Amino acid sequence: MKYYATVGLLFLAMCYTNAQEIKAPRFGKGILNITGKDSTWSMKFATRIQLLGTATWQENNDNSTDFDTNFLIRRARLKFDGFAFTKKLTYKIEIGLSNRDISGGSPYTNNTPRYIYDALIKWNFYKNFSLWAGQTKLPGNVERVISSGNLQFVDRSLLNAEFNIDRDIGLQLRHHFYTGQNFLIREKFAFSQGEGRNVTVGNIGGYQYTSRIELLPFGAFEGNNEYQGSALKRENKPKLMIGATYDFNDDAIKTRSNMGTFMETDTKPYETDISTLFLDIVFKYKGFSFLSEYANRNADDPIARNSDGTPTGDVVEVGNGFNVQAGYLFNSNWEISGRYTNLDMDEIGEYRKSYEDQYTFGISKYIVGHKLKVQTDVSYLSAFQSGNEIMARLQMELHF
């Protein structure tokens, strides 16, 4: 009897739902965008996927060549955002579902998939001051803060892969002001746990402190276009942003500050102070876009050692990186772009120096901006101590 009652209720619910007129936002503005009747809350729900195909040709030191292909769901995300009680109190939740999104489980994350990317509350508590609390991206290099769905190339550069400080859980204080008529200055400060996202065992080392300043002498970019790849907004006047970030991770326990692998010893995790510096420039005018970044990482004692002084094999990756890229967007929304990246990682004791140059040429077709696009790029990598590599990639982005 209960079975038939349940089926009947489900049938009535379906009939009622079909009888209602559901008005969804237009493509690219979310699947569901609702506001409470008393306007005390809102929620926008969206989803996005990236489909990626990659082919690589690698030259080995013995002059042989390896060929490899890879097809995968690069990203699959669910996104929620809106306001609660007042429009000065907003929130964001982002969940990753692809294998690449949730990989990286360890004893420090209870060996579970890392589903949560963002779980954040933002409070505009006074004039131009905002307090952020939760897990989200730290105010690091521009290329990292740009969403993976808004990139100019198929993926970010080698500089970002090596040096970015990604996400962490903690507090951020943000402020902006104008000096003169158009000169915009933005200040960002973060205090975080220092061990990356989804860590569940509590703080082990020290804490992480991040500060960033951004100078925009010609005023704000249209629609935060400085934090989007390409020049889809086609600024009618030249826009420029000069930024600098300094990050200090006290008693860090991972090989790349709050990223990389945990440095274990025979007794406890290895700890050392790690500092990271970023300098970047973004320029856009009409269909032209330009981005340049410099990164540097240092550590007090980069070689992890056991209690008897023997090396564990883990080393903090210290050195410098440089990335420059530019593109031009035609009126047809086809774009051509080029990128050069250099990594110069230090030689530490018996650990070899690493030196890499990568040259990338990309072509993108923006069908509905970054919400629906097809991108392809070809890269040539010249690496010290290893063979050269050619990589070709094709990717499609679909973002409701």
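Quick caveat, the model's predicted, so the values are computed rather than measured.
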Original post:
Do the side chains of V378 and Y328 join up, straight or via other hydrophobic residues, at under 4.5 Å, putting them in one cluster?
Top reply: yes

**OP:** State plainly whether the residues E162 and R297 are in salt-bridge range, i.e. N to O under 4.0 Å.
**Re:** yes

Subject >> Where at least one partner belongs to residues 278-308, residue pairs that pass ring pair (Phe, Tyr, Trp, His ring centres under 6.0 Å), sequence neighbours excluded >> reply: none

**OP:** Take N198 and T109 through the test side-chain hydrogen bond (donor to acceptor under 3.5 Å, both in side chains) and record every step on the way to the result.
**Re:** CA-CA 6 Å; N198 294 335; T109 61; over 6 Å; no

Original post:
Is any NZ, NE, NH1 or NH2 atom of the basic residue among R77 and E94 found under 4.0 Å from an Asp or Glu carboxylate oxygen of the other?
Top reply: yes

Subject >> Residue list, side chain to side chain donor-acceptor pair (under 3.5 Å) with E347, at least two apart or on another chain >> reply: none

**OP:** Check whether the side chains of Q152 and S289 place a donor and an acceptor atom closer than 3.5 Å, and report yes or no.
**Re:** yes

Original post:
Are the charged groups of E143 and R339 less than 4.0 angstrom apart, N to O?
Top reply: yes

Original post:
Between N110 and T112, does a side-chain hydrogen bond (donor to acceptor under 3.5 Å, both in side chains) hold up when you go through it step by step?
Top reply: CA-CA 5 Å; N110 281 336; T112 57; 5.9 Å; no

Original post:
Going by distance alone, is a donor N or O of one side chain under 3.5 Å from an acceptor N or O of the other, for D247 and T210?
Top reply: yes

Subject >> Parallel, tilted or perpendicular: ring planes of Y359 versus Y380, cut at 30 and 60 degrees >> reply: parallel

Original post:
Taking everything shown except N236 itself, do over 12 heavy atoms lie less than 6.0 Å from its CG?
Top reply: no

Original post:
Between R74 and D155, does at least one N-O distance fall below 4.0 Å, as a salt bridge requires?
Top reply: yes

**OP:** State, without any angle test, whether S257 and N249 hold a side-chain donor-acceptor pair at a distance under 3.5 Å.
**Re:** yes

Subject >> Pairs where residues 189-212 contributes a residue and the test ring pair (Phe, Tyr, Trp, His ring centres under 6.0 Å) is met, not counting sequence neighbours >> reply: F191-Y207, F191-Y209

Original post:
Can you list the other members of the hydrophobic cluster that holds F125, where links are side-chain heavy atoms under 4.5 angstrom apart?
Top reply: L89, I121, W123, Y126, F129, L131, L173

Subject >> Short side-chain donor-acceptor distance under 3.5 Å, T360 and D377 >> reply: no

Original post:
Shared ILVMFWY cluster between F153 and V374, side chains joined below 4.5 angstrom?
Top reply: no

Subject >> More than 12 heavy atoms from other groups under 6.0 Å of NZ on K29 >> reply: no

Original post:
Are R48 and E397 within salt-bridge range, i.e. N to O under 4.0 Å?
Top reply: yes

Original post:
At their closest point, which heavy atom of P302 faces which heavy atom of V318, and how far apart are they?
Top reply: CB-CG1, 4.5 Å

**OP:** Evaluate whether atom CD1 of I204 has more than 12 neighbouring non-hydrogen atoms of other residues, nucleotides or ligands under 6.0 angstrom away.
**Re:** yes

Original post:
Is the closest side-chain heavy-atom distance between D101 and R75 below 4.5 Å?
Top reply: yes

**OP:** Please check if I34 and I93 belong to a single hydrophobic cluster, counting links between Ile, Leu, Val, Met, Phe, Trp and Tyr side chain heavy atoms closer than 4.5 Å.
**Re:** yes

Original post:
Is a side-chain donor or acceptor of K239 paired with a backbone partner of A220 at a separation under 3.5 angstrom?
Top reply: yes

Original post:
Should M259 and I274 be counted in the same cluster of Ile, Leu, Val, Met, Phe, Trp and Tyr side chains packed under 4.5 Å apart?
Top reply: no

**OP:** Could you identify which residues cluster with W132, counting Ile, Leu, Val, Met, Phe, Trp and Tyr as linked when any side-chain heavy atoms lie under 4.5 Å apart, either directly or through a chain of such contacts?
**Re:** L120

**OP:** Answer yes or no: is there an ion pair linking R212 with D280, defined by an N-O contact shorter than 4.0 Å?
**Re:** yes

Original post:
Between D308 and T310, does any side-chain donor sit less than 3.5 Å from a side-chain acceptor?
Top reply: yes

Original post:
Can you tell me if D344 and N342 form a side-chain donor-acceptor pair at under 3.5 Å?
Top reply: no

**OP:** Determine whether the aromatic ring centres of F27 and F400 lie less than 6.0 Å apart.
**Re:** yes

Original post:
Do the side-chain N and O atoms of N323 and T341 include a donor-acceptor pair separated by under 3.5 angstrom?
Top reply: yes

Original post:
Can D357 and S382 be counted as having a side-chain donor-acceptor contact under 3.5 angstrom?
Top reply: no

Original post:
Knowing that exactly one of K233, R186, K284 qualifies, which makes a salt bridge (Lys or Arg N to Asp or Glu O under 4.0 Å) with E226?
Top reply: R186

Original post:
If we only count heavy atoms from C-beta on, is the R174 to P139 side-chain gap below 4.5 Å?
Top reply: yes

Subject >> Within one Ile-Leu-Val-Met-Phe-Trp-Tyr cluster: L78 and I31, side-chain cutoff 4.5 Å >> reply: yes

Original post:
Honestly, is R197 close enough over Y117, meaning NZ or CZ under 6.0 Å from the six-membered ring centre and within 45° of the axis?
Top reply: yes

**OP:** Return the set of residues passing side-chain contact (heavy atoms from CB on, under 4.5 Å) with E271 (not counting sequence neighbours), or none when no residue passes.
**Re:** D251, I253

